[in-house]
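What follows is one structure encoded as structure tokens, with my remarks underneath.
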Amino acid sequence: MQLAEMCKSLSGTKRADALDLLARSVRSKGAESAGSFVDVSSRLSLTRQEFERFADVADSSRRTAPALSTIGSGRRTHSWTGFVATGVRLVAIVLPAPALVITAISEFRRSDWEWLKHVPLAAMPLEGAIAIVALIATINVFTVQLSTQRLPGSVSRVAGQPWQLAGAYAAALSLLFATVYTPSPTPKTWACLQAILLLMSVGWMAGAMTRIFHRTDPAEACKSYVDRYIRAWIRASTKFGATQWRGARLWKDIESLPFTGTGTRHMMGHDVMQIHAPTRGMLMPSRRRARKILSNDIFADGGYIQFGSSFGLLVSAGDTTAYVRPPASRRLPVALANDLRRWLKPAEAGAIEDVSTQAVTLASLALTSAGGGDIRLGEAIAEQASRIVADHILRARSERARLRRKYNQDDDARFDATRADLYPLSPVLRDILSLIVSATKNADEGVGKAADVLFNRCLAASGPEEQTPMMFVSILAGADIRQYKVERLTTWLRRAGVTALSLGQRDAFGLVVGKLREMAREPAFELLSVRSLAALGAACVRLDPQQFGTAWSSISDWASTTTDSVEPVRLAMQVGAAGLESGSFAVAFSCAESIVDQGSLPVLQKLTDLDHVFGEATAAQLMDADLGHVPTDALERFRDYAAML
């Protein structure tokens, strides 16, 4: 405070140096910097230029740059211990019954105990053993049919086949064998063995029935289904991650060649050869064969090859994978044409397509259940569908990271520097996002809640390489926004924008802001769209201050065209208060300056008086605008700061 008093008597460069020193001391206060900034500013008689200079130097972004959120690779995968546990469980259930029969056959002569002569045991007839096996099979078929009424066939089959049923089958078949085969002479222990096998069959059957009827709940059935096959889907995701890596690396090497290119532009000419995909699959050419084919002298003489789609992407049968144009003075050799067709033949992609199919199947079931009125069931099934997507994303990323570490030890650092923009998109993530966008048209609140579970999980599991926010905005670009509920669509875009900021995806953030600005032109979407822009502006000051101008310019453009005199002040107030709380004092100054220049300071004072400040704080929190631990204090502090200008 002594330095602040001293500044009042200084002038020229000495005053500027003292103000800079004060600003640096303010930004070193950490969590208390907002209060110190306003307190020090109130003690100084500053001009508008000095206010701007003081706010800029005190800005906490000069002290430390925000660390971008790089969502971990999350090796949440089922390791070999899962296979061991499954094997032990299966052996413990299936093995006891036949092992008991084998032991009895090998030891029956020495097991004729005297006390068994006093125990009346009835021999099991052959018809009884057959009836036990038939009963178990009937229960199995009946329960599968029962669960099929509300579940997809693949899910219902798993729901009707618990591990206990395998034990019942093993014990019943062992009983049937012990009935058909009887040693001679027949020991007394043989009837005891049959009784034990009968009890085991009935016991396992009772346990299986209990488990099956428990699984008739669709949510529990879907969980059992995902638990049964998640390891196979993770293995497919691991291979897909390696395919993404190889495809991106191969294209990085090929794109630098002067006679290659990519795009959907059709090449014209009677001598241009088109290469079509004979089957559906993944376009993943061999790196080794690429060296042989592309080193052909026909390309050195002026030949050109244009690829119809990027490597690592799924193509359908009949899609054009490449155009080949020979030099003007030559014809394309037949042998080279055949080599190109074999080289560009799509690889089998059934495993990764199965992951996408199962995720979409469960997601569709979740949305249908929620649309039918059972919202909690829809959300529970959506959780299982999101497990498939999240594990797929995390496992593919882990595999890419492993390969990246392996090859970066040699000569691939240049490729690693741009890896976030190179990897082919995931068909699983694309299909789920497309389903969310298409299924929520004119949908009720129940469907929206189930879709929220899927959408939020996709964002949470995604990293910089998946480009989920950009993919979502691109899919949404072709949709009619008037068919969607305002609150749902603006919330999704706001969350996508925050995720883009956290992952450092500035292009994706620009697309989100542009989409919200476009939606603000629709009267029904205007209010929530601009408030979402303000929330993204508040998020910028914490996550990426350099992107604040992107959101603020859109807010300013809207404010210059609206006739509402209160809403622009409200937005500037929220963003400015967030800037003060996060230490981004330059942002707070810009927001306060815009309010003062428009002559809207009385409106700001009214919004932050005792009768309105709590409502404004609540409205900001509903839009996910972070105003610190005490939002009302943040708004009042910003009002006091704006009054100084």
Side-chain angles (χ1 to χ4, degrees), residues 239-350 352 399-400 403-425 427 465:
K239 294 180 181 178
F240 177 71
T243 300
Q244 285 182 306
W245 165 260
R246 291 196 301 269
R249 194 162 182 258
L250 177 60
W251 180 247
K252 189 69 175 179
D253 294 336
I254 289 179
E255 69 173 349
S256 60
L257 300 176
F259 51 82
T260 60
T262 186
T264 57
R265 178 179 56 87
H266 297 285
M267 293 177 61
M268 306 299 293
H270 67 279
D271 56 345
V272 173
M273 185 188 77
Q274 298 184 21
I275 300 177
H276 302 288
T279 59
R280 179 173 176 82
M282 186 170 293
L283 185 60
M284 191 59 251
S286 168
R287 185 186 183 90
R288 179 179 58 82
R289 296 183 66 182
R291 297 191 183 99
K292 177 182 177 182
I293 293 175
L294 297 179
S295 61
N296 192 291
D297 60 354
I298 198 168
F299 295 109
D301 291 344
Y304 188 82
I305 179 170
Q306 175 181 300
F307 299 98
S309 60
S310 298
F311 301 149
L313 295 181
L314 292 174
V315 294
S316 300
D319 285 352
T320 302
T321 56
Y323 299 88
V324 184
R325 184 186 63 204
S329 58
R330 299 182 58 179
R331 296 179 61 86
L332 192 68
V334 176
L336 178 60
N338 292 333
D339 287 342
L340 284 169
R341 289 191 182 95
R342 287 191 292 268
W343 181 54
L344 295 176
K345 181 179 179 180
E348 172 63 31
I352 192 63
E399 184 64 14
R400 293 195 305 263
L403 293 172
R404 191 162 55 242
R405 289 191 300 269
K406 175 181 177 181
Y407 284 92
N408 283 352
Q409 293 175 358
D410 302 323
D411 58 351
D412 211 36
R414 175 180 58 86
F415 176 78
D416 179 67
T418 57
R419 66 182 185 273
D421 299 325
L422 293 172
Y423 292 123
L425 59 87
E465 300 159 355

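In this text, all values refer to a predicted model and were calculated from it rather than measured experimentally. Only heavy atoms go into these numbers, but all of them, side chains included; no hydrogens, no water, no symmetry mates.
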When you compare the side chain of Ile275 with that of Thr321, does any pair of heavy atoms fall below 4.5 Å?
yes
Quick one: does Phe240's side chain get under 4.5 Å of Met282's, heavy atoms only?
yes
Just verifying a value: how many Å separate Arg249 CZ and Leu403 CG, rounded to the nearest 0.5 Å?
9.5 Å
So Leu250 and Met284, do their side chains get closer than 4.5 Å, heavy atoms only?
yes
Do Met273 and Leu336 touch side chain to side chain, with heavy atoms closer than 4.5 Å?
no
With a 4.0 Å cut-off on N to O distance, would you call Asp253 and Arg287 a salt bridge?
yes
With under 30° as parallel and over 60° as perpendicular, where do the rings of Phe299 and Phe259 fit, or are they tilted in between?
parallel
Any heavy-atom pair between the side chains of Ile254 and Phe307 that's under 4.5 Å?
yes
I need the minimum non-hydrogen distance between Asp319 and Ser316, along with the two atoms involved.
OD2-N, 2.9 Å
Any side-chain heavy atom of Ile305 within less than 4.5 Å of one from Leu340?
yes
Minimum heavy-atom distance Pro327-Gly303, with the two atoms named:
CG-N, 3.6 Å
Heavy atoms, side chains only, cut-off 4.5 Å: are Pro278 and Lys345 in contact?
yes
Test item: Thr243 side-chain N/O and Gly312 main-chain N/O as donor-acceptor pair under 3.5 Å:
no
Pairwise distance CG(Asn296) to CG(Asp301) - rounded to 0.5 angstrom
9.0 Å
Between Ser286 and Trp343, the two heavy atoms sitting closest are O-NE1, 2.9 Å
Do you know which two heavy atoms are closest between Arg400 and Trp245, and how far apart they sit?
O-CE3, 4.5 Å
Grab the two heavy atoms, one from Leu257 and one from Thr260, that are nearest each other, plus how far apart they are.
O-OG1, 3.3 Å
Rounded distance (nearest 0.5 Å) linking atom CZ of Arg325 with atom CD of Gln306:
9.0 Å
Rounding to 0.5 Å, atoms CD1 (Ile293) and CZ (Arg288) come to a distance of 10.0 Å
Which heavy-atom pair separates Gln244 from Tyr423 by the least distance, and what is that distance?
O-CD2, 3.7 Å
